[in-house]
Amino acid sequence: MASNHEYSKVESDVLIIGAGGAGLRAAIEASENKKSVVIVSKSILGKAHTVMAEGGMAASLGNVDKQDSWKVHFADTYIEGVYINNWKMVEIFSKEAADRVYELERFGALFDRTADGKILQRAFGAHTYRRLCHVGDKTGLELIRTLEDKVLHTDTRILDEVVVTKIVTEDGKVKGAIGFSMREGRFYVFQCKALIIATGGLGRLFKVTSNSWESTGDGLAIAFRAGAELRDMEMVQFHPTGMVWPPSVRGLLVTEGVRGEGGILLNKEGERFMLRYSPKKKELDARDVVARCIYREITEGRGTEHGAVYLDITHKGYKFIMDKLPSMYNQFKDFAGVDISKEKMEVAPTVHYHMGGIKVEPETEATNVSGLFAAGEAACGLHGANRLGGNSLTDLLVFGRRAGLGASHYSDSARMGTIDEKEINDEIERIEAFTSKKNPTNPYELIEQLRQAMSSKVGIVRNEKDLNDALAVINQIKGKLDKIGVAGGVRFNPGLIACLELQNMIQNAELLVRAAIERKESRGAHTRSDYPGTNDEFLKNIVFRLENGQIKMNMEPVMKPPKELQEILLEGEKTNA
Amino acid sequence: MHEVVLRIKRSEPSVSAETRFDEFKVPVEEGMVVLDAVHYVEQNIDPTLGVRWNCKAARCGSCAAEINGRPKLMCKTRVESMGDKITIEPMRAFPVVKDLVTDVSHNFEIARKIPPFTPKKDTPTPFLMQQSDILRSKEFRTCIECFLCQDVCHVIREHNSDYVGPKHVVKIASLDMHPLDGIDRSNFMHSDGGLGYCDITKCCQETCPEDIKITDNAIIPEKERIVDHVYDPLGRLIHRIRGSRWQ
Ligand SMILES: Cc1cc2nc3c(=O)[nH]c(=O)nc-3n(C[C@H](O)[C@H](O)[C@H](O)COP(=O)(O)OP(=O)(O)OC[C@H]3O[C@@H](n4cnc5c(N)ncnc54)[C@H](O)[C@@H]3O)c2cc1C
Ligand code: SF4
Ligand code: SF4
Ligand code: FES
């Protein structure tokens, strides 16, 4: 059709999709490198998923435990990732984490302090030393507010409540992106030299999750369609402790900080069961371990009537709790009517974090598509098969900054993309088609089916049959995608967003489940009851790529770290044993 | 199953001047919050109902609205506490985009003008600060930018002054009370900020879902600061020499 649609055209050297910690940090860096920067986000500025992060950000400052160093942080991260991390990313990360934390402090963040006035650090699961810099249990809020402020004082153009639906490329090179503003009810065409994806995770593929509304993995799906490689899609972290009651808040996170500050886990019989499973690290063992122990207690009949175990911090008293965990106190008071200084909490595992994502180069965060970069939870490589608590927020800063730098350097010698009128019209028509169908299928019904199947069949403990069942549901929904639609227009129409998200969710779910079937072993967060052992044959990353409309899967052997890092790992294995 | 009726104000001002109230019957589940009920409508009855939300955990400040006439977060308000018929309207102090969604973007224009954190000259790094010295600023940093305090402030509702509003005073106080901040925002607060228009009614403080003592701990100290720094240049000079009591 030759019809010409109305839209606004925006040009920039660097276009950033996503305004969580990673996107904002990237914007600051690109802006400091004198690039024109546009940042777009599905939610309002300052409200991205990052705002929910609680416990803290990991960096080996050694303020509390002097023995800590980047080497121990390196070993902890790599060992808990069960050796399928990208070693170079782990090295860069553990070396640069401290600089990024101190930099955030110079930007204005106010961390809690030690008695001698330094940044205070708390214990967290599977970190050898006390390492998490924190702001009570609102570390994400402080991080995003500090970066938001910084970005607001640069020339960065912020377009929030804009949904990006397509990345446009030509001959394997990025030209820009297309989307629309929910607030203005208007289409936008973004032309750029370099594009950074910082769209976060995909927790909302699951029914029980701690993630925000926006975490549907849009960035992974649109990047994949643009030719980018996705890696480790099967690796989904279950946080051991989510709320379970009332149903309205099922999945809502109970921060690991509760255990970090001394909370203990009890089964229905009052037994502190972690002593049985993990006598040394107890409640503070790695997340996958604790989550599986809780899961076992519940499935073996030692859970509460709501299918949960107890988390108890009452012994610390009201004052301590209000000082260290005020949000948790209020969360239970407001949503469950429970006073956690007097009563035990009920908790069960909840989907929390996606270790998989867009494959990137460790130094620049470049993808296999020229001009396309990725950082934050949307990118992949740092965490391997399991992410340590607190490593994500620092990840956002370390690799957000590097992506900003990588995109800036790339844009020095790149040409501004120009998107053809036809490509624009095609995409606008694709979106408008959802609002002009007769008797459309309600997207929410299908989303519900998908989330239900993912939570019940692709859970903490997986097996081939369940995974195939999930795949069947996915294929069934896929067959109905061309029928979905809603009434109304483009302006703030949640049903339309649901249609677009469902397409992305199905795409991601398919890759996730296919990879989970392919990894016939148990490793980190991926546990198979039919393949309970870890198998060296799978020291590989499963990588997907779209070639001429066909999904291609590759098993890529993991690169071995150099000798000096292997020695650090040997040391680490001794302490972690 | 027990049911409630939601009365939701609908409008799309850029399309038509019409506003109306639609009524929806919603089955009630234990522990349900108002946002759950709105989602029920969106998912089962009318997917075009415009509503803004993100965390559903009272953390992001997206879902502010007026529930039975009172400014609240939809995700933090229990259905059973609101009676059998619940009226939900968009915030009154901001232009409506569609249905329950308002345009709060002006707040970011204000935020751009607030002089940012600027460490005192020659402060050694990494910073050293005592926990007791950061507590005052920390209170304000729990602000989730829900803009409910802006919504209840009569000065903002009347739209006829240049008062930036309580949310922004909270921000300024969080910067001013950072132990290592080195600049004076009282001139900004006084002239561009229009703090003089606030007559300390405390409505903002009573509304804040984060229980920030907006009037007592941010507005009143900022007003005193203006008196000291703007109206009393001699005092300001003395402060400068001896170090301000606010630092
Ligand atoms: C409850 C909770 C507590 C946590 N606590 C911690 C902790 O203590 N420590 C830690 O290290 N980690 C923690 N995490 C994990 C961490 O918060 C996240 O991994 C991290 O914040 C992700 O940040 P990000 O910048 O990658 O993306 P996000 O913050 O998820 O931001 C994504 C951005 O992309 C935008 N976007 C998405 N799709 C589109 C689209 N189609 N078009 C336009 N924009 C789009 C969104 O609007 C948003 O702005 C926690 C997570 C949760 C849920
Ligand atoms: S105290 Fe001041 S800022 Fe708060 S509502 Fe009253 S007039 Fe507005
Ligand atoms: S001060 Fe309170 S009411 Fe005002 S925006 Fe912040 S959290 Fe909301
Ligand atoms: S949805 Fe985040 S505060 Fe209500």
Exercise for the section: Check Ser248(A) against Gly31(B) and note the closest heavy-atom contact, atom names and distance. Expected result: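 So the minimum-distance heavy-atom pair works out to CB-O, 3.6 Å.
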Practice task
Taking all non-hydrogen atoms of both residues into account, name the closest pair between Cys133(A) and Leu61(A) and its distance.
Solution key: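 For Cys133(A) versus Leu61(A), the nearest heavy atoms are SG-CD1, 3.6 Å.
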Exercise for the section: Consider only side-chain N and O atoms of Asp137(A) and Thr255(A), and report whether a donor and an acceptor are under 3.5 Å apart. Expected result: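 Judged by distance alone, the side chains do not pair up.
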Exercise for the section: For chain B, find which of Glu161(A), Glu184(A), Glu448(A), Met182(A) contributes the most heavy-atom pairs closer than 4.5 angstrom. Expected result: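 The answer is Glu161(A).
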Handout entry: Leading residue by heavy atom contact count with chain B [cutoff under 4.5 Å; candidates Val101(A), Asp112(A), Leu45(A)]
Key =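 Of the options given, most contacts go to Asp112(A).
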Practice task
Please answer whether the main-chain N or O of Ser212(A) pairs with a side-chain N or O of His49(A) as donor and acceptor at a distance below 3.5 Å.
Solution key: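 Here the side-chain-to-backbone pair exists.
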Does any heavy atom of chain A fall under 4.5 Å from the side chain of [X], the backbone, both, or neither of them?
| X | answer |
| --- | --- |
| Ser62(B) | both |
| Asn54(B) | both |
| Leu35(B) | neither |
| Met32(B) | backbone |
| Ser174(B) | neither |
| Ile114(B) | backbone |
| Arg112(B) | both |
| Val97(B) | both |
| Lys56(B) | both |

Side chain, backbone, both or neither: which part of [X] has a non-hydrogen atom closer than 4.5 Å to chain B?
| X | result |
| --- | --- |
| Glu54(A) | side chain |
| Ala109(A) | backbone |
| Lys138(A) | side chain |
| Tyr102(A) | side chain |
| Tyr444(A) | side chain |

Exercise for the section: For residues Glu105(A) and Met129(B), determine if any side-chain heavy atom of one lies less than 4.5 Å from a side-chain heavy atom of the other. Expected result: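 They are in side-chain contact.
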Handout entry: Validation row: Lys72(B), Val34(B) side chains within 4.5 angstrom (heavy atoms)
Key =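 No; the side chains remain at least 4.5 Å from each other.
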Handout entry: residues 140-147 of chain A: residues contacting chain B (heavy atom under 4.5 Å, by number)
Key =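 Leu141(A), Glu142(A), Arg145(A), listed by number.
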Problem - Ring-face cation of Lys47(A) near Trp213(A) (centre distance under 6.0 Å, axis angle within 45°) - result: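 Relative to the ring axis of Trp213(A), which defines the angle, Lys47(A) lies outside at least one limit.
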